[in-house]
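All remarks here apply to the structure that follows.
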Amino acid sequence: MSEAISNKDWADILVQALPYFKQYVGKTIVVKYGGNAMLNETLKAAVMEDLVLLSTIGIRTVLVHGGGPEINAMLEKTGKESKFINGLRYTDAETMEIVQMVLTGKLNKDIVGLLLQAGGKAVGLSGVDSGLLRAKKIDKDGVDLGFVGDVTEVHPEILETLLDKGYIPVVSTVALGEQGDMSRYNINADTAAAKIAVALKAEKFVQLTNVPGLLRDVNDPSSLISRLDHVAVPSMIATGVISEGMIPKIECNLEAIKGGVPRTYIIDGRVPHALLIEMFSDRGIGTMIV
Ligand SMILES: Nc1ncnc2c1ncn2[C@@H]1O[C@H](COP(=O)(O)OP(=O)(O)O)[C@@H](O)[C@H]1O
Ligand SMILES: CC(=O)N[C@@H](CCC(=O)OP(=O)(O)O)C(=O)O
């Protein structure tokens, strides 16, 4: 890259990024990294570099990861079918064990390893650790989703402690039941990330996914909605413009905004260094929800 651009352009880019550095250093951002955006190893390495850069310059960075496709693959290996209702996985007891193994046992540790390799300081934990996430069985429109949880409490002290020491906390979204309930609950990673962003009073909540953002037509990548007004959301869900995994993604953005997070974005994790571009330029990639 340094060969392709002039010294002046190089310096200009850094100077233009300076106001953004000033805006975010010392502030907290929560990044949700979706399983679909994790599938390419080169892109994954670029995401790790971005996170390490943010953390190194003093932006308090929390990573919450998903892993839907990896869970699907493991279920398939064990002969189980994946079933989703409105973007949420039907989770029986056996599926819950597999969800915990894949998210907390495998992906969480893989990501921490990659962050360390990229020169960062990172610690992995699940929602169970230190009682970070407590949940109760979800009850939405009378549909039984098994061990899918609604987050009822977030105890972010462990995240604050790690952030104070310069670590990137890496969170997998398995939660413990409420007091007296030792069940584990499967939490949609977008939903958990938004709750964590609210609890940490984050300045920004960014979701990295495998589409350019919210699309007016899911089959047309050029139909990006750059700025989504929350008022339009219910009718977009009712008419099917927003469907499947995009439903919890958009709904949790609204929750985050209601909870006081000033900026929420959905961006394309397949674009190399999308996170840096979003954070430090005015190129306006992805969808901003207002
Ligand atoms: N209007 C829409 N715009 C973009 N994506 C949409 C839309 N409606 C549904 N989707 C689907 O939502 C998916 C993103 O959600 P999901 O698969 O849960 O991603 P992640 O793994 O990043 O959480 C897209 O791949 C797309 O198939
Ligand atoms: C309840 C529910 O649906 N949980 C999700 C948790 C992982 C996740 O959200 O992963 P992505 O971000 O890759 O979609 C699941 O079981 O797939």
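Counting begins at 1 with the first residue of the sequence. Just so it is clear, the model here is predicted, and its values are computed rather than measured. Heavy atoms only: backbone and side chains are in, while hydrogens, waters and symmetry mates are out.
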(message) Would you say OH of Tyr167 has more than 12 non-hydrogen atoms from neighbouring residues, nucleotides or ligands within 6.0 angstrom?
(response) no
Distance col, row Lys109:NZ vs Ile111:CD1, nearest 0.5 angstrom, shows 10.0 Å
Sorted by chain and residue number, the salt bridge (charged side-chain N to carboxylate O under 4.0 Å, His left out) partners of Asp50 (sequence neighbours excluded) come out as none
Residue set satisfying salt bridge (charged side-chain N to carboxylate O under 4.0 Å, His left out) with Glu153, at least two apart, ordered chain then number -> none
Looking only at side-chain N and O atoms, does Gln100 offer a donor or acceptor that is under 3.5 Å from a partner on Asn186? no
Neighbour count above 12 (heavy atom, 6.0 Å) for Lys121 NZ
yes
Under 4.5 Å between any side-chain heavy atoms of Ser130 and Leu125, yes or no?
no
Rounded to the nearest 0.5 Å, the CG atom of Asp144 sits from the OG1 atom of Thr91 at a distance of 10.0 Å
Review point. Is Arg263 salt-bridged to Glu203, going by a charged N under 4.0 Å from an acidic O?
Key: yes
Nearest heavy-atom contact between Lys137 and Gly146 is NZ-O, 3.1 Å
Report, as yes or no, whether the 6.0 Å neighbourhood of atom CD on Gln23 holds more than 12 heavy atoms from other residues, nucleotides or ligands. yes
Do we see a donor-acceptor contact under 3.5 Å between the side chains of Tyr265 and Lys204?
-> no
Sorted by chain and residue number, the salt bridge (charged side-chain N to carboxylate O under 4.0 Å, His left out) partners of Asp181 (sequence neighbours excluded) come out as none
Item checked: Any Met246 side-chain heavy atom under 4.5 Å of Val211 side chain -> yes
Nearest heavy-atom contact between Cys252 and Gln207 is SG-NE2, 3.6 Å
Practice prompt. Determine whether more than 12 heavy atoms belonging to other residues, nucleotides or ligands lie under 6.0 Å from atom CG of Asn86.
Written response: no
Separation between CG (Leu224) and OG (Ser226), nearest 0.5 Å, reads 4.5 Å
Distance col, row Asn36:CG vs Thr209:OG1, nearest 0.5 angstrom, shows 6.0 Å
Those residues at least two apart in sequence (or on a different chain) that pass ring-ring contact (aromatic ring centres under 6.0 Å, His included) with Tyr33 are none
To the nearest 0.5 Å, atom CD of Glu49 lies from atom OG1 of Thr56 at 11.5 Å
So CD1 of Ile267 and CG of Leu208: to nearest 0.5 Å the spacing works out to 4.5 Å
Practice prompt. Inspect the contact between Arg60 and Glu160 and indicate whether a charged nitrogen and a carboxylate oxygen are less than 4.0 angstrom apart.
Written response: yes
With distance as the sole criterion, is a donor-acceptor pair present between the side chains of Arg89 and Asn188 under 3.5 Å?
no
Sorted by chain and number, sequence neighbours left out, ring-ring contact (aromatic ring centres under 6.0 Å, His included) with Phe21 holds for Phe280
- Item | Ion pair check, Asp150 and Lys136, cut-off under 4.0 Å | no
**Prompt:** Do the charged groups of Lys44 and Asp110 touch, with an N to O distance under 4.0 Å?
**Reply:** no
task: Dump the intermediate steps for side-chain contact (heavy atoms from CB on, under 4.5 Å) on Leu133 and Val154, then the final yes or no.
output: CA-CA 5 Å; Leu133 299 174; Val154 182; 4.0 Å; yes
Checklist entry - Salt bridge between Arg216 and Asp220, side-chain N to carboxylate O under 4.0 Å? => result no
Sorted by chain and number, sequence neighbours left out, salt bridge (charged side-chain N to carboxylate O under 4.0 Å, His left out) with Glu94 holds for Lys80
query = Would you call Ile5 and Ile13 a side-chain contact if the rule is heavy atoms closer than 4.5 Å?
reply = yes
Practice prompt. Check whether the side chains of Ser172 and Ser126 place a donor and an acceptor atom closer than 3.5 Å, and report yes or no.
Written response: no
Can you confirm whether the side chains of Asn72 and Ser82 place a donor and an acceptor under 3.5 Å from each other?
yes
message: For a 4.5 angstrom cut-off between non-hydrogen side-chain atoms, does Leu132 reach Val171?
response: yes
